Protein chains: 2
Amino acid sequence: MIINQMGDISNLESEGSDTVPNRIQDDVRALYLFRDIAEVTFQSLMRASYDQSLPQQVTLIREGAPADFLHIVVEGMVELFATSSGREVTMAVVRPVSTFILAASIRDAPYLMSARTLQRSRILLIPSADLRAAVASDSQFAMNAMQELAGCYRSMVRHTKNLKLRNTRERIAAYLLRQSRLLGGAAGFSLPVEKRLLASYMGMTPENLSRALKSLAADGCKIDGQRVIITDRARFESLAELSPMLDGPDPVAEQAGVSLPPPIAELQI
Amino acid sequence: MIINQMGDISNLESEGSDTVPNRIQDDVRALYLFRDIAEVTFQSLMRASYDQSLPQQVTLIREGAPADFLHIVVEGMVELFATSSGREVTMAVVRPVSTFILAASIRDAPYLMSARTLQRSRILLIPSADLRAAVASDSQFAMNAMQELAGCYRSMVRHTKNLKLRNTRERIAAYLLRQSRLLGGAAGFSLPVEKRLLASYMGMTPENLSRALKSLAADGCKIDGQRVIITDRARFESLAELSPMLDGPDPVAEQAGVSLPPPIAELQI
DNA sequence: GGAATAACTTGATGATTATCAATCAAATGG
DNA sequence: CCATTTGATTGATAATCATCAAGTTATTCC
C-alpha cells in the first residue's frame with residue numbers, strides 16, 4: 001500500500017479485502033458498474049482492494065498523480081476539484097455509494113482532478129491494474145464500464161452546455177428545478193452541499209450565488225438557509241426553461257461521481 | 001434509410017456497404033476504435049453502413065433525436081453545436097478521419113449535440129444497433145470503445161476546467177500555445193477553423209476573441225488573419241502558463257470528435 | 001455554553017465580458 | 001469579374017460578474 005506517499009493521509013486503516021464487510025460488498029455490488037459481472041471477477045476485485053477510513057478534510061488524490069486506484073465512496077462525502085495557478089474549482093461532490101475517477105483508472109492516465117473528504121469518509125480503493133485486468137477478462141464488466149463512461153461523458157457535455165448556454169441566474173434556476181424534479185416535483189427540499197461548493201460547481205462566486213438566490217424569490221422560489229421552497233411553480237418553470245438536452249434526466253450522474261448529490265427531501269410529518 | 005425525415009438533407013447518395021471504397025475502409029480501419037477488431041466485425045459494420053456525400057451547411061443531426069447512427073467524417077468538416085432558447089455554441093469541429101457522437105450511439109440515447117457540415121463532406125453512417133451488436137460480440141471492440149469513451153470524457157473534463165479556471169485571454173493564449181506544441185513547437189501556423197467557431201468553442205464572443213488576439217501582440221504572439229506567429233516564445237509561455245492537467249497532451253482529442261482540429265502547419269519553402 | 005472558526009450575506013466598486021452598430025475584408029456565386 | 005454575402009474588426013455602451021470589505025449567521029470545538 002503506497003498511501004503514505006501522499007503525505008497528508010494519516011490515521012488510515014488499510015486492510016486486506018477479506019475484511020471488507022459483507023454489507024459494504026453488497027452496496028458496491030449493486031452499483032451499475034458491477035452489475036451482472038462474474039462473481040469471481042467481483043471477488044478478485046474485493047480481495048485486491050483496500051478499505052480506508054479517513055477524517056474530514058483529507059486530500060486523497062492530487063491531480064497529475066498516476067491513477068493507481070479506482071475509488072468508491074462507501075460512507076461520507078468527497079469533493080472532486082481542479083486547480084490552476086492558485087485558483088480552485090469544484091468539479092463534483094460524491095456521496096455513497098459511488099465510484100469516482102473511473103476514466104483515469106481505465107486509461108492508466110494521470111488524475112485530472114484532485115479529491116478531498118468533506119466529512120469523515122470510508123473509501124474503497126481498487127487498484128487500477130486489477131480493474132483493468134478484470135475488465136479485460138470479463139466482457140460484461142467491460143460493457144458496464146463502457147456504458148458508464150459513455151454516461152460520464154454525456155453528463156460532462158451537459159455540464160459544459162450549461163456553463164456556455166446559460167448565465168448565472170439561469171443556471172441556478174435550472175439547477176433548483178432539476179433538484180425538485182429528482183424528488184418527483186417536490187416543492188420543498190434542502191440543498192445537498194454547502195453553497196460555496198454549489199457556486200463553484202456552477203462556475204460562479206459565492207457572493208453571486210447568494211444574490212441570485214435572493215432575487216429568485218421574486219420569480220417563485222424562496223431560499224432560506226439550506227432550505228428551498230418553490231412558491232410559484234408555473235412562474236419559476238417559465239423562468240428556468242428546462243430542456244431535456246441540458247437538464248436530463250441523466251441516469252448516470254448519480255453513481256459515477258460526475259456531478260453533485262441529489263437534494264435532501266423534506267421530512268414528512 | 002430514414003435520412004429524409006431530417007428535412008433539410010437532400011442530394012444525398014446513400015449506398016449499401018459493398019460500395020464503400022476500399023480506400024475509405026482502410027482509413028476507417030486505422031481509427032483507434034477499430035484497431036485489432038475481428039475482420040468479420042469490421043466487415044459487418046461496413047456492410048451495414050451508409051456512405052453519404054453532403055453539401056455544405058447541411059444539418060445532419062439535431063440534438064434530442066434518437067442516436068440512430070455513429071457518424072464518421074471521411075471528407076470535409078463537420079461542426080458539433082448545441083442550442084438553447086435561441087443561443088447556439090460550438091462544441092467541437094470534426095475533420096477526417098474521425099468518429100463523432102459515439103457515446104449517444106453506445107448508450108442508445110438522444111444526441112446531446114447537433115451537427116452540420118461546414119464544407120461539402122462525406123460521412124459514413126453506421127447504424128447504432130449494429131454498432132452495439134458488434135461491441136457486444138467482439139470484446140476487443142468493446143475495449144476500444146471503452147478506452148475511447150474514457151478519453152472523450154477526459155477531454156471534456158479538460159475543456160470544462162479550461163472554461164472555469166481561465167479567463168478569456170488566458171484561454172486564448174493557452175489554446176495558441178497548445179496548437180504550437182501540436183506542431184512540435186512551431187512558431188508559425190494557421191488557425192484550423194474560422195474565428196467565430198474558435199470563439200464559440202472557447203466560450204466567448206467573436207468580438208472579444210478579436211480584441212484579445214490583438215492584445216496578445218504585446219505578449220509575444222502576433223495574429224494576421226488566420227496566420228499565427230509566436231514572436232517571443234518565452235514571454236508568451238510565461239503568460240499562457242500551460243499545465244499538463246489542463247492542456248494535455250491529450251491523445252484522444254484528435255480522432256474522437258471532441259475538440260477542434262489541429263492547426264495547419266506552415267509550408268516549408 | 002461560549003469562544004473561535006467558517007460560511008454566508010450585503011453593499012460598494014471595478015473588471016470582465018457581451019451587445020450593438022458600423023466599417024472593413026474576404027469569400028462566394030452568378 | 002463584380003455583386004452579394006459572410007466573417008472579422010473596431011468603438012461605444014451596457015450588462016454581467018468578480019473582488020473587496022464589512023457584517024451576520026451558523027458551526028465547531030473545547
Side-chain angles (χ1 to χ4, degrees), chain A residues 55-57 76-77 79 81 84-90 93 116-120 162-173 190-218 222-228 239 264, chain B residues 55-58 76-77 79 81 84-90 93 116-120 162-173 190-218 222-228 239:
Chain A
Q56 190 180 36
Q57 208 59 24
M77 180 149 62
E79 177 190 8
F81 62 101
S84 176
S85 46
R87 278 160 281 191
E88 175 181 318
V89 292
T90 302
V93 174
R116 71 165 72 94
T117 55
L118 291 172
Q119 305 173 349
R120 194 164 56 76
N162 242 298
L163 289 172
K164 289 174 73 173
L165 284 164
R166 287 175 165 148
N167 64 24
T168 294
R169 203 150 182 279
E170 293 168 332
R171 289 203 294 281
I172 296 169
S190 287
L191 297 174
V193 297
E194 289 177 352
K195 285 180 188 161
R196 69 187 175 90
L197 298 172
L198 187 54
S200 182
Y201 177 73
M202 294 200 290
M204 61 193 71
T205 59
E207 292 95 327
N208 270 330
L209 174 62
S210 186
R211 275 185 269 265
L213 283 176
K214 194 175 174 188
S215 79
L216 288 179
K222 183 118 184 34
I223 288 87
D224 179 45
Q226 298 264 108
R227 292 213 22 178
V228 179
L239 173 77
I264 298 156
Chain B
Q56 190 182 36
Q57 207 60 23
V58 169
M77 180 148 64
E79 178 190 7
F81 62 100
S84 176
S85 46
R87 278 162 281 192
E88 175 181 318
V89 292
T90 302
V93 174
R116 70 164 72 94
T117 54
L118 291 172
Q119 304 172 349
R120 195 164 56 77
N162 242 298
L163 289 172
K164 288 175 73 172
L165 285 165
R166 288 177 165 148
N167 64 22
T168 293
R169 203 150 181 279
E170 294 168 331
R171 289 202 295 279
I172 296 169
S190 287
L191 297 174
V193 297
E194 289 175 352
K195 286 179 187 163
R196 68 187 176 89
L197 297 172
L198 186 54
S200 182
Y201 177 73
M202 294 199 291
M204 62 193 71
T205 59
E207 293 95 328
N208 270 331
L209 174 61
S210 187
R211 277 185 267 265
L213 284 176
K214 194 176 173 184
S215 80
L216 289 179
K222 182 116 184 37
I223 288 88
D224 179 43
Q226 298 265 107
R227 291 214 23 177
V228 179
L239 173 78

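Just so you know, these numbers use all the heavy atoms, side chains as well, and skip hydrogens, waters and symmetry mates. Each chain gets a letter, A, B and so on, in the order its sequence line appears, and its residues count up from 1. Source: prediction; values computed, not measured.
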- Task: Nearest whole angstrom, please: distance from the C1' of D:dT5 to the CD of B:E194.
- Result: 13 Å
- Note on the structure: Testing C:dG29, C:dC8, D:dA18 for proximity to the side chain of B:Q56, the answer is C:dG29
- Side chain of A:N208 only, please: which of C:dT9, C:dG11, D:dC17 is the nearest? D:dC17
- Task: Decide side-chain contact (heavy atoms from CB on, under 4.5 Å) for A:L118 and A:L197; before the verdict, give the C-alpha distance in whole Å, the side-chain angles of both, and the deciding distance to 0.1 Å.
- Result: CA-CA 11 Å; A:L118 291 172; A:L197 298 172; 3.6 Å; yes
- Closest nucleotide of DNA chain D for A:R171 versus for B:Q226: which of these residues is on the 5' side? B:Q226
- Task: On DNA chain D, check which nucleotide each of A:R166 and B:V193 is closest to and give me the residue with the more 5' one.
- Result: B:V193
- Item | 4.5 Å side-chain heavy-atom contact, B:E170 and B:L165 | no
- Side-chain donor or acceptor of A:R211 under 3.5 Å from a matching atom on the base of D:dT19? yes
- Message: I need the CG-P distance between A:L163 and D:dT16, as an integer number of Å.
- Response: 18 Å
- Query: Touch check for A:T168, heavy atoms < 4.0 angstrom, all strands: base, sugar-phosphate only, or nothing?
  - Reply: sugar-phosphate
- Query: On a plain distance test, is the side chain of A:E207 in donor-acceptor contact with the base of D:dC20 below 3.5 Å?
  - Reply: yes
- Between B:R169 and B:L216, is any pair of side-chain heavy atoms under 4.5 Å apart? yes
- Side-chain N or O of A:K214 closer than 4.0 Å to phosphate OP1/OP2 of C:dC8: no
- Item | Proximity to the side chain of B:M204 - top-ranked nucleotide from C:dT10, C:dG29, C:dA18 | C:dA18
- Nearest-angstrom distance from the residue atom CG of B:D224 to P of D:dA8: 14 Å
- Task: Begin from the C-alpha positions of A:L213 and A:K195 and carry the test side-chain contact (heavy atoms from CB on, under 4.5 Å) through to its verdict.
- Result: CA-CA 10 Å; A:L213 283 176; A:K195 285 180 188 161; 4.0 Å; yes
- Query: A:L216 CG to C:dT9 P: how many Å, rounded?
  - Reply: 12 Å
- Length of the CG-P vector between A:L213 and C:dA7, whole Å: 17 Å
- Atom pair distance, as rounded to whole Å: CZ in B:R116 and C1' in D:dT6: 14 Å
- Check the distance between D:dA8's C1' and B:L198's CG and give it to me in whole angstrom. 13 Å
- CG of B:L209 versus P of C:dT16: gap in Å, rounded? 17 Å
- Message: Between B:T205 and C:dA18, is there a contact of a side-chain N or O with OP1 or OP2 at under 4.0 Å?
- Response: yes
- A:N167 near the nucleic acid: base, sugar-phosphate alone, or nothing, with a heavy-atom cut-off under 4.0 Å? sugar-phosphate
- Would you check if the side chain of B:S210 reaches a backbone N or O of B:E207 as a donor-acceptor pair within less than 3.5 Å? no
